[in-house]
Protein chains: 2
Amino acid sequence: MIELIDRLRQREWRLTAQRRVVAQVLTGEHVHLTAEAVHGRARVLLPEISLATVYNTLNELVAMGEVREVQAGDGPRRYDPNVTSPHQHLQCVRCGTLWDVEPAGADDLALPVDQQRGFRLLDVDIVFRGMCPACDRQARQPATNPA
Amino acid sequence: MIELIDRLRQREWRLTAQRRVVAQVLTGEHVHLTAEAVHGRARVLLPEISLATVYNTLNELVAMGEVREVQAGDGPRRYDPNVTSPHQHLQCVRCGTLWDVEPAGADDLALPVDQQRGFRLLDVDIVFRGMCPACDRQARQPATNPA
DNA sequence: GTATATGCAAAGCATTTGCATTAAA
DNA sequence: TTTAATGCAAATGCTTTGCATATAC
């Protein structure tokens, strides 16, 4: 599989230091990050990068189809560099962490024509929702230390 | 099936004119409305109802488990009074309209244990995404009249 | 050299909240 | 009468935008 950064070069995308760093941050990760998290990690590599640029860059990547925007539950959007394999997710309802999964039986899922209401179908999103181990533990002990 | 309004009465929920109207608006609808849409329709019945109250009321209904909050794609949250039957949806990617559906094969969907990452699973959301007939038509004729 | 991306700070939406007023029980 | 809900307007959090400056090509 061709790396994200190379695909971007192929697209004749103007390769700035900021964009390079955002691509790098996304590529290295398997958890799906919020814009703020991307900014935090990008800053380690390029301290002067602004949050606005991170947002702009992520939106462009989404528009190009190189990154998928995921909005499940409340909280900020998350970004998923995996657009090739089926995009099904496992999300923590508490902290929002998002993982890619490949559930069994997804291919057999179908919407009967009489329920399609004339829609032109594009896509199916499947999100398994649950509590991740860390949050589950914290949810049981109400607070670290309520003074 | 007991009506929403009656279930609320059973819960000893303080029944104000505003809450009654919100419940009424939700019950009558099969499309899932945004808070603003609920406000618009509620105002027809009770002009002085405020948007803040609509939000507060919707949140309480969600906390009670009488209404489901749906966030798919961008755009504002939508509210779904159908909590009994499986909550799978068909959504227009352009206008956000949301319908309940019951896809085939949903019961066979499963996440293998080796992909659960220790999560305590609670729920699965399935959203079919596509273009509704009205939006599809409009998307083909770029704009009504780009002067 | 020229077009385009950046950073900043201000604006924009959807949603929540504080507080005085009003109404349900 | 008491307790809780309402409406308003201000605050919040995430995201977008306008504009002058900097940078890739």
Side-chain angles (χ1 to χ4, degrees), chain A residues 5-6 8-25 32-40 42-43 45-64 66-80 94-96 98, chain B residues 5 8-25 32-43 45-64 66-80 95-98:
Chain A
I5 190 78
D6 294 314
L8 297 176
R9 203 169 281 126
Q10 281 173 20
R11 283 176 184 273
E12 309 197 333
W13 203 39
R14 193 177 271 209
L15 240 299
T16 65
Q18 290 83 341
R19 288 175 171 183
R20 207 185 307 269
V21 161
V22 169
Q24 194 176 337
V25 165
H32 306 316
L33 303 170
T34 61
E36 191 141 6
V38 170
H39 185 221
R43 253 218 265 244
L45 303 167
L46 186 73
E48 70 268 32
I49 189 171
S50 77
L51 182 55
T53 294
V54 170
Y55 271 109
N56 289 337
T57 304
L58 288 171
N59 285 340
E60 280 155 28
L61 289 168
V62 170
M64 278 180 204
E66 292 289 356
V67 161
R68 183 175 298 271
E69 201 175 44
V70 186
Q71 173 77 275
D74 294 12
R77 298 174 197 158
R78 284 163 187 273
Y79 296 88
D80 177 355
R94 192 160 176 275
C95 68
L98 203 63
Chain B
I5 190 78
L8 297 176
R9 201 169 284 126
Q10 280 172 19
R11 284 176 183 273
E12 309 196 335
W13 203 40
R14 194 177 273 211
L15 234 337
T16 65
Q18 291 82 341
R19 288 175 169 184
R20 207 185 306 271
V21 162
V22 168
Q24 194 175 337
V25 165
H32 306 316
L33 303 171
T34 61
E36 190 141 8
V38 171
H39 185 220
R41 292 173 195 221
R43 252 217 265 245
L45 304 166
L46 185 72
E48 70 269 31
I49 190 171
S50 77
L51 182 55
T53 295
V54 170
Y55 272 110
N56 289 337
T57 305
L58 288 171
N59 285 340
E60 280 155 29
L61 289 168
V62 169
M64 279 180 205
E66 292 289 355
V67 161
R68 184 176 297 272
E69 202 175 43
V70 186
Q71 173 77 276
D74 293 13
R77 299 174 196 158
R78 284 162 186 274
Y79 295 87
D80 177 354
C95 68
T97 301
L98 203 63

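By convention in this document, chain letters (A, B, ...) are assigned in the order of the sequence lines, proteins followed by strands, and residues within each chain are numbered from 1.
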Nearest heavy-atom pair of [X] and [Y]: which atoms, and what distance?
X	Y	answer
B:E36	B:L51	CA-CD1, 4.3 Å
B:M64	B:R11	O-NH2, 3.1 Å
A:N59	A:E69	OD1-OE2, 4.0 Å
B:A35	B:V54	O-CG1, 3.6 Å
B:L8	B:A23	CD1-CB, 4.0 Å

Spacing of [X] atom [atom1] relative to [N] atom [atom2], expressed in whole Å:
X	N	atom1	atom2	result
B:E36	C:dC13	CD	C1'	10 Å
A:L61	C:dA5	CG	P	12 Å
B:L15	C:dA23	CG	C1'	13 Å
A:R78	D:dC14	CZ	C1'	13 Å
A:H39	D:dT15	NE2	C1'	14 Å
A:E60	C:dA5	CD	P	6 Å
B:L33	C:dA14	CG	P	15 Å
B:L58	C:dT15	CG	P	10 Å

I'd like a table of atom pairs between the protein and nucleotides 7-13 of chain D - only N or O on both sides, under 3.5 Å - with the distance next to each one.
residue, atom, partner, partner atom, Å
D:dG7, OP1, B:Q18, NE2, 3.2
D:dG7, OP1, B:E48, O, 2.6
D:dG7, OP2, B:S50, N, 2.9
D:dG7, OP2, B:S50, OG, 3.1
D:dG7, OP2, B:T53, OG1, 2.7

Below the 4.0 Å mark, does [N] have OP1 or OP2 next to a side-chain nitrogen or oxygen of [X]?
X	N	answer
B:N59	C:dT16	yes
B:Y55	C:dT15	yes
B:R19	D:dA5	yes
A:T16	C:dT6	yes

- prompt: Has the side chain of A:R78 got a donor or acceptor atom that lies under 3.5 Å from a matching backbone atom of A:G96?
  reply: yes
message: I need the B:R68 CZ to B:Y79 OH distance, nearest 0.5 Å.
response: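 Separation between the atoms: 13.5 Å.
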message: Taking the minimum atom-to-atom distance to the side chain of B:T57, which one of C:dT16, D:dT6, D:dC25 wins?
response: D:dT6
task: Check whether the side chain of B:R77 and the base of C:dT15 form a donor-acceptor pair under 3.5 Å.
output: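 Looking at the base of C:dT15, it does not pair with any donor or acceptor on the side chain of B:R77 (distance under 3.5 Å).
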